[in-house]
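Written below as structure tokens is the structure these notes are about.
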There are 2 protein chains.
Amino acid sequence: MSSPNPDTRQRILQATADLLSEGGGTGVRMSDIAKRAGISRQAVYLHFANRADLLIATTFYVDELKDTAARLAPSRAAETGRERLDAFVEAWAGYLPEIYPIGRALIDMSPTDEEARSAWAQRMQDMREGCEAAISALKRDGDLAPGLPASQATDLLWTLLLLPNWEHLTRTCGWSQKQYLKHITATARRLFVIDA
Amino acid sequence: MSSPNPDTRQRILQATADLLSEGGGTGVRMSDIAKRAGISRQAVYLHFANRADLLIATTFYVDELKDTAARLAPSRAAETGRERLDAFVEAWAGYLPEIYPIGRALIDMSPTDEEARSAWAQRMQDMREGCEAAISALKRDGDLAPGLPASQATDLLWTLLLLPNWEHLTRTCGWSQKQYLKHITATARRLFVIDA
DNA sequence: TGATCACTTGACACTATGTCAAGTCCGAAT
DNA sequence: ATTCGGACTTGACATAGTGTCAAGTGATCA
């Protein structure tokens with residue numbers, strides 16, 4: 001989509017992210033977004049082809065804005081493994097509620113939007129892999145296992161793995177719940193030594 | 001709502017549950033439901049005041065139909081604690097995907113439906129308490145702890161506790177993510193002895 | 001035969017998305 | 001100073017879904 005005025009485009013994206021984060025869900029209207037951005041409803045279509053296009057763009061905008069990679073990377077300031085893990089958990093817990101409502105609104109759109117669905121599926125896949133890679137890095141650094149009881153680490157990291165996957169795998173990708181639990185178990189066993 | 005013909009009402013509820021489970025999400029229309037139930041669109045309104053009313057009724061219908069309490073209760077046939085836990089996990093993993101899409105469709109409805117939102121909040125609260133009570137019973141029976149490594153039980157049960165709470169607590173009830181993590185941690189520590 | 005109940009049919013108001021055409025405003029080039 | 005073009009506004013419209021209403025049908029029961 002061409003972008004007449006980049007500033008206006010940014011304001012639209014910010015307005016969308018704000019309204020969705022405030023809990024509007026699918027109920028957020030194009031007119032609400034336009035009003036929040038301080039432009040007319042029709043002007044939104046000068047920047048984005050349709051609602052789906054805007055929502056997908058918003059997920060990437062949130063990433064860009066918050067510099068997620070930096071937030072999810074292990075903090076260099078923290079000294080013990082426990083501190084680094086806590087920092088990771090906090091970053092993730094702050095990131096997820098920003099990105100999640102947007103994805104939900106996307107997935108719940110009209111079933112005719114197959115394009116939007118698959119775009120979001122790819123997006124969630126990326127997020128999951130990024131999360132698993134960050135956890136792997138935490139472990140490979142040798143900073144996690146020594147400073148922390150294995151059982152506690154496992155509990156916390158299951159939380160992180162679970163949240164962004166449930167809806168994606170069972171609905172968008174057609175995984176069964178059984179497959180999902182199997183995947184979670186396998187991932188946890190791979191990343192941490194459970195009962196070994 | 002008065003129910004002209006109970007059979008028709010049942011067919012509507014079954015059609016709604018089926019369509020939502022098949023992944024239609026918020027995109028499931030009243031006309032789709034009517035078609036699946038084999039009646040006219042307008043006839044649905046003879047049984048349910050509106051879309052929200054129908055969705056809420058569907059959550060209770062699923063419970064009634066599947067006899068959830070029986071499925072979530074520890075299986076008497078299973079002998080070891082591990083077997084009973086596995087049965088519980090399987091029952092829960094089968095129940096959740098049936099009830100969850102309906103709740104999602106409810107939460108994502110137009111933000112004007114405050115009534116529907118609070119009805120669903122109560123519904124989720126009940127589910128969470130039911131889940132925690134079932135887990136408590138498993139533990140109180142003394143069948144869980146002895147037969148099973150504590151770390152493995154914790155991993156599995158965190159999965160069960162997490163899923164139905166995330167959306168409910170952080171969106172519908174206005175909990176922050178920090179409050180949510182704290183609640184999960186406290187519950188897990190209360191139900192199982194972690195690091196003690 | 002006549003009445004009632006469950007449902008149908010067709011029409012309507014309302015709201016949200018997305019499109020279109022014409023108009024306004026403002027800054028930059030000539 | 002005037003003209004031009006781009007960004008946005010305004011108003012109108014087509015389309016689709018929800019919810020309402022009034023009239024009609026068809027089977028069952030008194």
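Here is how names work: the chains are called A, B, and so on, in the same order as the sequence lines, proteins then strands, and each is numbered from 1. Given the structure is predicted, the values throughout are model-derived calculations rather than measurements.
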Report, one pair per line, the protein and nucleotides 15-22 of chain C atoms (nitrogen or oxygen only) whose separation is under 3.5 Å.
unit_1, atom_1, unit_2, atom_2, d
C/dA16, OP1, A/R29, NH1, 2.3
C/dT17, OP1, A/M30, N, 3.0
C/dG18, OP2, A/Y45, OH, 3.1
C/dG18, OP2, A/R51, N, 3.1
C/dG18, N7, A/R41, NH1, 2.9
C/dG18, O6, A/R41, NH2, 3.0

Do any N or O atoms of the protein come closer than 3.5 Å to N or O atoms of nucleotides 4-7 of chain D, and which pairs are they?
unit_1, atom_1, unit_2, atom_2, d
D/dA7, OP1, A/P4, O, 2.6

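Salt bridge status for A/K35 with A/D32: absent, with no side-chain N to carboxylate O gap under 4.0 Å.
Under the side chain to side chain contact (heavy atoms under 4.5 Å, CB included) test applied with A/F48, the options A/I33, A/T58, A/L54, A/I56 reduce to a single match, A/L54.
Between B/R9 atom CZ and C/dC7 atom P the separation is 12 Å, expressed in whole Å. If you measure from atom CD1 of B/I33 to atom C1' of D/dG17, you get 12 Å, rounded to the nearest angstrom. When the P atom of C/dT8 is taken as reference, atom NZ of B/K35 falls 15 Å away, rounded to whole Å. Rounded to whole Å, atom P of D/dT18 lies 11 Å from atom CG of B/L55. Taking atom CG of residue B/D53 and atom P of nucleotide D/dT18, one finds them 15 Å apart after rounding to whole Å.
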For this session: Go through the steps for A/L13 and A/V62 under the test side-chain contact (heavy atoms from CB on, under 4.5 Å), then give the verdict.
Result: CA-CA 9 Å; A/L13 290 168; A/V62 169; over 6 Å; no
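Taken from CZ in B/R36 to CG in B/L19, the straight-line distance is 4.5 Å, to the nearest 0.5 Å. Note that OG of A/S3 and NE2 of A/H47 are 6.5 Å apart. Values are rounded to the nearest 0.5 Å. Atom OG of residue A/S31 and atom CZ of residue A/R41 lie 7.0 Å apart, to the nearest 0.5 angstrom.
With hydrogens and angles left out, the side-chain atoms of B/Y61 and B/Q10 include no donor and acceptor closer than 3.5 Å.
Within the 4.5 Å cutoff, side-chain heavy atoms of B/T16 are placed close to those of B/L55. Side-chain contact between A/L46 and A/N5: absent, with no pair of heavy atoms (C-beta onward) separated by less than 4.5 Å.
Relative to the axis of its first five pairs, the axis of the last five pairs of the helix from C/dT1-D/dA30 to C/dT30-D/dA1 sits at 20°, rounded to 10 degrees.
The backbone N or O of B/A37 sits less than 3.5 Å from a side-chain atom of B/R11, completing a donor-acceptor pair.
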